[in-house]
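These notes concern the structure reproduced below.
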Amino acid sequence: MSATVRVKASGCYDVVIEKGIMASAGEKCKALFGTCKAVIVTDDKVAPLYLRKVKESFTSAGYETAEFVFPNGEQSKNIDTLAELLEFMAENRVTRSDVVVALGGGVTGDMAGFAAAVFLRGIRFVQIPTTLLAMVDSSVGGKTAVDLKAGKNLAGAFYQPDLVLCDYDALDTLEPETFSEGMAEVIKYGVIFDKELFNLVKNGDVKANIEKIITRCVELKRNVVEADEHDKGERQLLNFGHTIGHAVEKCSHFGIPHGNAVAIGMVIAAKASSAFGWSEENCTDEIIEALVNNSLPTKTDFSAEELYDVTLNDKKRAGGTISLVVPEKMGKCVLRKVPVEQVLDFIKSGI
Ligand code: GLY
């Protein structure tokens, strides 16, 4: 089985969702660009699993390859690793006709994409996501970035890939907790846009439908990216659970993984929205049930005050307001600009 979603943004590209497609990545790229040099960027966790397969697929399609492997983890997504990658590309005499291939999860895609965006003012870029989170969210839509000491994703660019290949065979080697993190984003798409998707995943029995689930999430992401590529309005709906989720992440010094923090953030936002009378129906119990069935947390030990302090520094703050995403009903979220003074009460009623 295979599905293709076409994204028409500032760059137009296909997202192909297909079991085993990684092995034909070279042929797929050749059909788009002809042969050139492929810089394969990956981390030291993914490299032993898939680097050989991907490299062989490119070399047997006639590509020259160079591989850049960095230490796994968010701590690598910084200016220093980015600089090393850019120097590596320069040393390997990469030109504008060559391609950067991001093989891995969100960290790899974000950093390799930013390198592709700035090297020689922009070279071709292909994403081969290997985590569920990267397949359903971060590999599509062109957000690329690295973290700064002051916060996550503070230096980056909107830069659309030329092709995204989602090989869901790769999900078999994911740790269950990492798979669950991706499910937090899937549940997020369901709550924001699609009750049917939410119902499909709420019992946690998702493996048999994984191609359908990834495809639906990519379609929903495509719709929102085509409507608001540069994140000025509708795309901000994708931040459901993220504003307070980021605060949970930061309070835990990033000990709580992103997907788990988003899960907690969604519960707080849904419960608070209901308490504030902003929801037509209270979705909190349904969200909690879906999260629990997908092995995700629903509570935090941090106090409302702790989360509020961190939320105030969130980059989504604009003037005296913070944009929060809240569910009106299952499958429909809206953006609310909330005065900063109200945010503490909001978090208190959601916790
Ligand atoms: N991950 C949220 C976005 O791409 O806008």
Side-chain angles (χ1 to χ4, degrees), residues 7 9-16 18 20-72 76-130 134 138-140 142-146 156-167 170:
V7 182
S10 54
C12 296
Y13 54 97
D14 285 338
V15 182
V16 187
E18 185 179 315
I21 198 170
M22 205 187 274
S24 46
E27 285 301 328
K28 295 277 176 207
C29 287
K30 188 175 169 183
L32 265 187
F33 321 125
T35 52
C36 54
K37 192 178 291 168
V39 179
I40 305 171
V41 181
T42 193
D43 68 31
D44 59 2
K45 199 165 174 187
V46 174
L49 297 169
Y50 303 118
L51 181 54
R52 204 169 113 196
K53 189 196 280 190
V54 171
K55 179 181 161 68
E56 274 175 16
S57 127
F58 276 92
T59 49
S60 59
Y63 281 77
E64 198 186 318
T65 63
E67 296 89 49
F68 181 86
V69 182
F70 64 91
N72 171 266
S76 286
K77 201 177 105 175
N78 57 42
I79 291 281
D80 294 339
T81 323
L82 175 73
E84 279 173 38
L85 171 55
L86 294 170
E87 294 291 354
F88 176 85
M89 286 159 66
E91 279 157 23
N92 280 277
R93 300 191 195 296
V94 170
T95 70
R96 275 218 189 107
S97 351
D98 295 326
V99 59
V100 172
V101 179
L103 171 67
V107 166
T108 303
D110 282 7
M111 190 163 57
F114 192 28
V118 297
F119 190 77
L120 301 179
R121 301 192 180 88
I123 71 167
R124 290 160 176 162
F125 171 43
V126 170
Q127 293 259 26
I128 308 181
T130 57
S138 60
S139 69
V140 180
K143 277 193 181 173
T144 73
V146 293
F158 287 99
Y159 193 66
Q160 300 296 336
D162 295 281
L163 180 66
V164 182
L165 301 174
C166 300
D167 180 350

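What you see below is based on every heavy atom in this structure, not just the backbone, and it leaves out hydrogens, waters and symmetry mates.
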Query raised in the report: If only atom types and distance count, is the side chain of Thr42 paired as donor or acceptor with the main-chain N or O of Leu103 below 3.5 Å?
Result: yes

Query raised in the report: Excluding sequence neighbours, so at least two apart, what forms ring-ring contact (aromatic ring centres under 6.0 Å, His included) with Phe119?
Result: none

Query - Distance-minimising heavy-atom pair for Ala112 and Leu85 - result: CA-CD2, 4.2 Å

Query raised in the report: For the side chain to side chain contact (heavy atoms under 4.5 Å, CB included) test, which of Val101, Val99, Asp98 pairs with Arg124?
Result: Val99

Report task. Determine the minimum heavy-atom distance between Ala61 and Gly26, stating which atoms define it. Result -> CB-C, 3.6 Å

Query raised in the report: For the side chain of Asn72 and the backbone of Asp44, is there at least one donor-acceptor N/O pair under 3.5 Å apart?
Result: no

Query - Lys37, NZ atom: more than 12 neighbouring heavy atoms under 6.0 Å - result: yes

Query raised in the report: Is there a donor-acceptor contact under 3.5 Å from the side chain of Asp14 to the main chain of Val16?
Result: no

Query - From CG (Asn78) to CD (Glu84), nearest 0.5 Å - result: 8.5 Å

Requested in this report: Supply the atom-to-atom distance Arg93 CZ to Glu64 CD, rounded to the nearest 0.5 angstrom.
Outcome: 11.5 Å

Query raised in the report: Under the side chain to side chain contact (heavy atoms under 4.5 Å, CB included) criterion, do Val94 and Phe88 qualify, and how do the steps go?
Result: CA-CA 9 Å; Val94 170; Phe88 176 85; over 6 Å; no

Requested in this report: Please tell me if the side chains of Thr130 and Met22 come closer than 4.5 Å, counting only heavy atoms from C-beta onward.
Outcome: yes

Query raised in the report: Would you call Met89 and Phe68 a side-chain contact if the rule is heavy atoms closer than 4.5 Å?
Result: no

Query raised in the report: What's the shortest heavy-atom distance between Thr95 and Ile123, and which atoms?
Result: O-CG2, 3.9 Å

Query raised in the report: Judged by atom type as modelled, is there a donor-acceptor pair below 3.5 Å linking the side chain of Asp162 to the main-chain atoms of Phe125?
Result: yes

Query raised in the report: Is it true that a side-chain atom of Thr144 and a backbone atom of Ala157 form a donor plus acceptor pair closer than 3.5 Å?
Result: yes

Report summary line: So OG of Ser57 and NZ of Lys30: to nearest 0.5 Å the spacing works out to 11.0 Å

**Report entry** Atom pair CD1/NZ of Ile21 and Lys28 - distance to nearest 0.5 Å
**Finding:** 4.5 Å

Report summary line: Residues Gly106 and Ala134: closest non-hydrogen pair is N-CB, 3.9 Å

Requested in this report: Would you mind reporting whether Met111 and Val41 have side-chain heavy atoms less than 4.5 Å apart?
Outcome: no

Report task. Indicate the atoms forming the closest heavy-atom contact of Ala117 with Tyr159, along with that distance. Result -> CB-CG, 3.4 Å

Query raised in the report: Do Asp80 and Phe70 touch side chain to side chain, with heavy atoms closer than 4.5 Å?
Result: no

Query raised in the report: Can you find a heavy atom in the side chain of Leu163 that is under 4.5 Å from one in the side chain of Leu32?
Result: yes

**Report entry** Heavy-atom pair of closest approach, residues Cys166 and Val15
**Finding:** SG-CG1, 4.0 Å

Query raised in the report: Below 4.5 Å, heavy atoms only, C-beta onward: do Ile128 and Val54 meet side chain to side chain?
Result: yes

Query raised in the report: Mind checking whether Val39 and Asn92 have side chains closer than 4.5 Å, heavy atoms only?
Result: no

Query raised in the report: Angle class for the Phe58/Tyr63 ring planes (parallel below 30°, perpendicular above 60°, tilted otherwise)?
Result: perpendicular

**Report entry** Heavy-atom side-chain contact between Tyr13 and Val126 under 4.5 Å
**Finding:** no

